[in-house]
Amino acid sequence: MVKPGGGAAAAYPLLTLTALLWAGNAVTSRWAPGHVSPQVITTLRWLIACAALLPFAGPRVAAEWPVLRRHWIRILLMGGLGYTAFNCLFYAAGTYTGAVNLALFQGSIPVMVIIANRLAYGVPVTAGQAAGVVLTLAGAALAASHGDLSVLTSLAFNRGDVLVFGACLLYAGYTVVLPARPKVSALAFFGAMAVAAFVTSLPPLAVEWALGHSVWPSRWGWAMVAFVGLGPSLLSQLCFMRGVELIGPNRAGLFVNLVPIFGAGLAVLLIGEPFGPTQAVALALVLGGIACAERLKPPPAPADAAYSQTRTRRNSTSP
């Protein structure tokens, strides 16, 4: 259930950490080519996540298996599309397109979430959310273009752009249906999702291997696999799942726009890129957009109330 007011205080740090780890995943997608292939890193990251989860989630999955089994198709689809397919497309996109395009398309996820929520559940879009989307997208675009707005009007959409757009569309869909997940503990649900992600990653891996495109990790490749397996695959998904539960997908989705900001920060730390006025203004726009969406919602928030009621109806009719 979405918790008004009090839940936000706990959701903010969780969703901020999620964005930081996703920014690290975006950097990894740019470094991975030549060190490990897209399908290999996708399969290995979920294998690592499953191994790390086993001692903790295993008993919960076993105890709640009767409920999980009734929803196995939904779990397989959510894990296969929201996790595996997203990762496959995102890592493949890093081979063809640049960081500017990757960041810009990631910034479209909150817009996709709000539109999908409106179409699927009839969730109203508040003035604060609309203003927040505009501000955060402006911040993401400014950060991604490094202040050169001509970049935005001269983008050449290549194969990588199409792939990352598809990845973002899949994750937006996953975000929208996440609060309607089966009524089991978060640990049991995520354990089942991780297994689903690993299982559904095997067919694409087999295709990549059959085509002769598989690259087994180098020393740096193994470091990347370890990071994405424990950070973006495990910790960030648990944080994001809890954040959506606390404040709802529309509000939680806005935090995705912190990814290009953190990506710029990681570039400063790892490869020495400067942090100047452009990055500072972009950060202010993104944080201002999140604050706007939070502060300008009427009490009680219609979006969250409507969504909570929709979720209750959906759960009451679940098999």
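For Ala9 against Pro13, the heavy-atom pair with the smallest separation is O-CD, 3.2 Å. When every heavy atom of Val244 is checked against every heavy atom of Pro179, the shortest pair comes out as CG1-CG, 3.4 Å. When all heavy atoms are compared, the tightest approach of Cys292 to Leu135 is CB-CD1, 4.3 Å. Scanning both residues, Gly191 and Leu53, for their nearest heavy atoms gives CA-CD1, 4.1 Å. Contact record, Ala226 with Ile48: CA-CD1, 4.0 Å, taken as the closest heavy-atom pair. Nearest approach of Ala167 to Phe86, heavy atoms of both residues: O-CD1, 3.0 Å.
Ser233 pairs by the side-chain hydrogen bond (donor to acceptor under 3.5 Å, both in side chains) definition with Arg45, not counting sequence neighbours. Partners of Glu208 by salt bridge (Lys or Arg N to Asp or Glu O under 4.0 Å), not counting sequence neighbours: none found. Every residue two or more places apart in sequence or in another chain that forms a ring-ring contact (aromatic ring centres under 6.0 Å, His included) with Trp46 is listed here: Tyr83. Under the rule for a ring-ring contact (aromatic ring centres under 6.0 Å, His included), Phe198 has no partner lying at least two apart in sequence or in another chain.
Side-chain N/O atoms of Ser218 and His35 include a donor and acceptor closer than 3.5 Å. A donor atom on one side chain and an acceptor atom on the other are not found under 3.5 Å apart for Tyr171 and Asn87.
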* Could you please spell out the steps behind the side-chain contact (heavy atoms from CB on, under 4.5 Å) verdict for Val164 and Leu89? => CA-CA 6 Å; Val164 74; Leu89 294 174; over 6 Å; no
* Asked: Where do Ser29 and Asn25 land on the side-chain contact (heavy atoms from CB on, under 4.5 Å) test, with the steps shown first?
  -> CA-CA 6 Å; Ser29 74; Asn25 188 51; 5.9 Å; no
* Go through Phe227 and Thr28 one step at a time and tell me if the side-chain contact (heavy atoms from CB on, under 4.5 Å) criterion holds. => CA-CA 9 Å; Phe227 166 71; Thr28 301; 3.7 Å; yes
* To do: List the steps and the verdict of side-chain contact (heavy atoms from CB on, under 4.5 Å) for Arg74 and Val177.
  => CA-CA 10 Å; Arg74 176 182 296 181; Val177 301; over 6 Å; no
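Residues Trp22 and Phe262 place their aromatic rings such that the two centres sit no closer than 6.0 Å. Ring-centre distance between Trp216 and Trp222: below the 6.0 Å cut-off.
Inter-residue side-chain proximity for Phe240 and Glu245 is flagged as unmet; no heavy-atom pair is nearer than 4.5 Å. Residues Val207 and Gln39 are not in side-chain contact: their nearest non-hydrogen atoms beyond the backbone lie 4.5 Å or more apart. Between Tyr12 and Phe255 the shortest side-chain heavy-atom distance falls below 4.5 Å. In this structure, the side chains of Val215 and Val40 stay at 4.5 Å or more apart for every pair of heavy atoms. Within the 4.5 Å cutoff, no side-chain heavy atoms of Cys239 are placed close to those of Leu15.
Cluster annotation: Tyr121 is connected to Leu119 through the hydrophobic network of ILVMFWY side chains, with a link wherever side-chain heavy atoms come within less than 4.5 Å. If you chain together hydrophobic residues whose side chains sit under 4.5 Å apart, Phe165 and Ile115 fall into the same group. Neither Leu68 nor Leu54 shares a network with the other; the hydrophobic side chains, linked directly or stepwise wherever heavy atoms of I, L, V, M, F, W or Y lie under 4.5 Å apart, form separate groups for each. The cluster map of Ile, Leu, Val, Met, Phe, Trp and Tyr, joined by side-chain heavy atoms under 4.5 Å apart, puts Trp209 and Val225 in different clusters.
Screening residues 52-69 for side-chain hydrogen bond (donor to acceptor under 3.5 Å, both in side chains), with sequence neighbours left out, gives Arg60-Glu64, Glu64-Ser185. Sorted by first then second residue, the side-chain hydrogen bond (donor to acceptor under 3.5 Å, both in side chains) pairs that include residues 196-206, not counting sequence neighbours, are Thr43-Ser201, Thr84-Thr200.
The CG atom of Leu187 sits 7.0 Å away from atom CG of Leu238, with the distance rounded to the nearest 0.5 Å. Rounding to the nearest 0.5 Å gives a distance of 11.0 Å between CZ of Arg181 and NE2 of His71. Remark: Ile41 CD1 to Tyr91 OH distance equals 4.5 Å, nearest 0.5 Å. With rounding to the nearest 0.5 angstrom, the OG1 atom of Thr175 is 10.5 Å from the CG atom of Leu170. Taking CG of Leu205 as the start and NE2 of His213 as the end, the distance is 13.5 Å to the nearest 0.5 Å. The CG atom of Leu14 sits 12.0 Å away from the CE atom of Met241 when rounded to the nearest 0.5 Å.
Proximity of a side-chain donor or acceptor of Ser37 to a complementary backbone N or O of Ser214 within less than 3.5 Å is not detected.
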